[in-house]
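One structure is given here, and the rest of the page talks about it.
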Amino acid sequence: MINYFNGLKPKIVLSAICLLNLSFVFSQQKTLKDFFLPFESKAPLVSKGVWGDKNVIPRDTTNGLEDTSLKKWCYWDGGIVKDDDGKYHMYASRWSQSFHHGYGWNNDSKGIHSVSDNLFGPYKDLGLTWPKWNKGSGHNVIGLRMHDGRYAIVTSEVVPGQVFVSDNPNGPFDLLGAFKIDTNGYYAGWGRYNELDDGALKAGVVGNLANVMIILRPDGKYMMIARHCVAMISDNGILGPYKMLSDKAWLGVKDLPQFKMEDPTVWYSNNMYHIVVNHYGGSHDNTYHLTSEDGIHNWKNRGKVFDRESSIFKHKNGTIEDWRTVQRPTVYTENGVVKSFNFSVIDVHKGEDDGNDKSGSKVIVVPFDGESFGTHIQSIVDAENKKADSTLPPSLWKSIDIGSMSQKGNTGFDKDVNTIRVQSSGNSIDAKNDAFRFVYQKMSGDISISTMVMSHDISGGPVKAGLMIRENLKTDAPFVMISIQKNKGLQLEQRGEAAATPRVLKSLNIEAPYWIRIEKRGNVMTSFVSSSNRLNWKKIGENKIDFEEEFYVGMMATSTNETKNSLARFKDVDAHSYGKPVKDGIVNHTFPDSIPASGIVDFEVELESVQTLDVWVELQNVQTLEKYKVLRERFWKNGKKKLTYNAGKQLDANAAYWFVIKAVPMHFHDSEHIQAVFKKVFINKRE
């Protein structure tokens, strides 16, 4: 140690080591807010003849987009697009400053176009972008370049969700159409406002999208994040349909608020997807940063972007603009590097921004050190992945490379997101001898195994991943397997006897992420898939195969390339014997898409439990909140049961209803349920 430090005394060596460790710890504690830079002031700071509370004076009135006289407009939103000539175009919204903030954005907001020779402004208001459509109405306005190079402007909130396009950044912008959403089995209210949103009901905007952000994914698809932070992806152009592929990005994420989250923005940089989302639940706005490697699942909290103590709006001379309301973050990137953030800001609480007063709103552009930020975030993610890849899965799982492998495989576990990571080379498992990595348990009797095969976008090469039940660990063993391979879809395969060539029993045009499940009951193997979650399963095949009393159950992964490892990820794996479930509850059910006006509904429920459960079924009118009769059925043991629900009265054919199923321990109240699933249903008017 002394020689390494060129003869420093031991006491000094220890101090140096401590300082190095502290430096590492502090660097790890950095969050996005630490990478904001002082304003690039283009003019002297203004103290006189300018609107605003004393906390934002003096300020640079040439930064961003503002009406310095506050005689006409309040500005909001603001996504920036750079054209081929080097000019910067900010597409935003505005309303008359004579209105209170709440009335103005709800009733007078228009989509506008502004331009600047400098990224940070000043931006000159060039007027309405679509004056002939709906009187120019627009809010949550952003701009982008599409995959084909055209310019697009997106608007939502006060309109259903429209896209306007032009070959020229200066327009004219013509209406391309409205967004289409494929709920894909998820709750529709996570996309468009529905009748359960009180604010949308009062404002008359039920059915509208809100806070829409669109980015271009490197795979050629479009990605939408709206108010509820649900990943929606279109492979059919900017209008969609956008398929919901996940729950809320912030749901269950450590140290994040689980309510009152809005105004998300999304971008792709440094080989990673980022979301910044605002929490408006306290006395001040707090904004948080999340990252995901595939932009769909496993979002992680990277800390705060803004809070009242951040002082991110500062000048090189130390002057701080302390804006009271800070919302609607958007990001400007160049060549995959973040250059600046936009924020919509008000000098007072937005509820105190009255018409014809000295308070107003503007769009502010804050410089950002994207290079250092990208390096920092990548180092954190690399360290997390390295730790996960060296962490063994829960003790029940074992791993082995089966067959001839040129590269040694690896099995890791990211416990923060309950994801098993498998690196493997191998072959396509379509000949008499297999080569792949197997993560398995030795089991017997009747069993079930399910998981979500996660996106292959970060695999590093071709990957085939799925579930397998296998007689033994020999290379030519009998098996049944469901796998998903990028660009080749899903296959259900079986090798019925040793050394036989596997047969493809079913092929589906399915890409990961997707839920898959195999059940074994006796010698019958039944396979299921689900696009949205573990409850909405679709049976895809049933085949027979005779295994020994004990067999092997688990996850298989192969790169289909004998010389290169690729990465497969499996989320929320559940393997258990029937009668010994991992947890009590509903494992499958048949929800009706529509119900008869009589209120009599036939359906089926399957439960697994180590205790006696009651199933409670309820129907509730979405608009009036009226509840109807409750069905209560006792399950003494595991299994399926066909049930008939009767609301007890004729139902309104013009209303929507919540159909709710709860699993409740025997003798408990429905408020103490261990699981609840629900779906919005409508009256079948064809009857």
Side-chain angles (χ1 to χ4, degrees), residues 37 39-43 60-68 73 75-94 110-133 136 138 140-155 162-176 212-218 220 222-223 237-238 265-270 328-344 362-371 373-374:
L37 299 172
F39 286 124
E40 297 287 342
S41 299
K42 301 299 180 183
D60 181 4
T61 58
T62 68
N63 177 276
L65 174 64
E66 80 166 89
D67 181 348
T68 55
W73 311 118
Y75 291 101
W76 205 252
D77 300 318
I80 296 174
V81 180
K82 187 178 182 180
D83 69 19
D84 296 333
D85 296 324
K87 290 186 178 296
Y88 297 89
H89 301 262
M90 182 189 291
Y91 303 101
S93 64
R94 76 180 188 199
K110 314 286 186 183
I112 65 102
H113 170 216
S114 64
V115 67
S116 174
D117 292 326
N118 186 281
L119 171 61
F120 303 102
Y123 283 85
K124 182 180 179 181
D125 185 341
L126 300 181
L128 302 183
T129 45
W130 47 83
K132 295 181 180 179
W133 182 84
N140 291 171
V141 176
I142 61 163
L144 69 150
R145 294 287 292 269
M146 299 197 301
H147 281 296
D148 62 11
R150 288 182 295 170
Y151 296 83
I153 308 178
V154 172
T155 181
Q162 271 72 21
V163 179
F164 298 81
V165 297
S166 175
D167 293 327
N168 191 305
N170 297 302
F173 282 88
D174 298 319
L175 178 66
L176 181 66
V212 169
M213 297 295 298
I214 303 289
I215 64 168
L216 281 60
R217 289 174 61 98
Y222 289 89
M223 179 173 175
I238 194 170
T265 192
V266 61
W267 76 94
Y268 181 80
S269 64
N270 309 105
R328 290 296 289 159
T330 59
V331 176
Y332 173 74
T333 64
E334 276 189 22
N335 301 317
V337 177
V338 179
K339 296 296 184 181
S340 67
F341 272 71
N342 288 5
F343 293 93
S344 299
K362 67 172 287 186
V363 181
I364 204 163
V365 185
V366 187
F368 191 79
D369 184 1
E371 295 282 358
F373 165 75

Contact check, side chains of D83 and Y151, non-hydrogen atoms, under 4.5 Å:
yes

Looking at NZ of K110 and OG1 of T129, how far apart are the two atoms once the value is rounded to the nearest 0.5 Å?
11.0 Å

Quick one: does any side-chain atom of S340 pair with a main-chain N or O of V365 as donor and acceptor, under 3.5 Å?
no

Is any side-chain heavy atom of Y88 closer than 4.5 Å to a side-chain heavy atom of M90?
no

Show your reasoning for whether side-chain contact (heavy atoms from CB on, under 4.5 Å) applies to R145 and D84.
CA-CA 11 Å; R145 294 287 292 269; D84 296 333; 3.5 Å; yes

Hey, are K87 and D85 close enough for a salt bridge, meaning a charged N less than 4.0 Å from a carboxylate O?
no

What is the minimum heavy-atom distance between Y332 and I80, and which atoms define it?
CD1-O, 3.6 Å

Quick one: list whatever passes side chain to side chain donor-acceptor pair (under 3.5 Å) with E66, sequence neighbours left out.
W51, R59, K362

Kindly indicate whether the side chain of V363, heavy atoms from C-beta on, has any atom under 4.5 Å from the side chain of R94.
no

Interatomic distance, CG@D125 vs NE2@H113, rounded to 0.5 Å, equals 9.5 Å

Nearest heavy atoms of S93 and G138, plus distance in Å
CB-O, 3.8 Å

Look only at the side chain of T155 and the backbone of V141, and say whether a donor-acceptor pair between them is shorter than 3.5 Å.
no

Is there a side-chain contact between F120 and D60 in this structure, where contact means two heavy atoms from C-beta onward sitting under 4.5 Å apart?
no

Could you tell me which residues satisfy ring-ring contact (aromatic ring centres under 6.0 Å, His included) with Y222, sequence neighbours excluded, listed by chain and number?
H147

Set of side chain to side chain donor-acceptor pair (under 3.5 Å) partners for N342, sequence neighbours left out
none

Side-chain donor-acceptor distances from residues 169-176 under 3.5 Å, at least two apart:
from	atom 1	to	atom 2	distance (Å)
N170	ND2	N168	OD1	3.3

Given T265, which of V331, I215, I142 fulfils the side-chain contact (heavy atoms from CB on, under 4.5 Å) condition?
V331

What are the two closest non-hydrogen atoms of A152 and V163, and how far apart are they?
CB-CG1, 4.2 Å

Side chain to side chain, I112 and W73, heavy atoms closer than 4.5 Å
no

Less than 4.5 Å apart, side chain to side chain, heavy atoms only: is that true for P367 and F39?
yes

Short side-chain to backbone donor-acceptor contact, D77 and N140, under 3.5 Å
yes

Can you see which heavy atom on T62 is nearest to which on A43, and at what distance?
CG2-CB, 3.8 Å

Kindly write out the residues that satisfy side chain to side chain donor-acceptor pair (under 3.5 Å) with W267, not counting sequence neighbours, or none if the list is empty.
S269

Does E334, at its CD atom, have more than 12 non-hydrogen atoms belonging to other residues, nucleotides or ligands within less than 6.0 Å?
yes

Would you indicate whether D148, at its atom CG, is surrounded by more than 12 heavy atoms from other residues, nucleotides or ligands within a distance under 6.0 Å?
yes

Name all residues meeting the side chain to side chain donor-acceptor pair (under 3.5 Å) criterion together with K124; count only those two or more places apart in sequence or in a different chain, and write none if there are none.
none

Do the rings of W130 and W133 sit parallel, tilted or perpendicular, given the 30° and 60° boundaries?
perpendicular

Rounded to the nearest 0.5 Å, how far does CZ of F341 lie from CZ of R328?
13.5 Å

Are any of the side-chain heavy atoms of M146 and I214 separated by less than 4.5 Å?
no

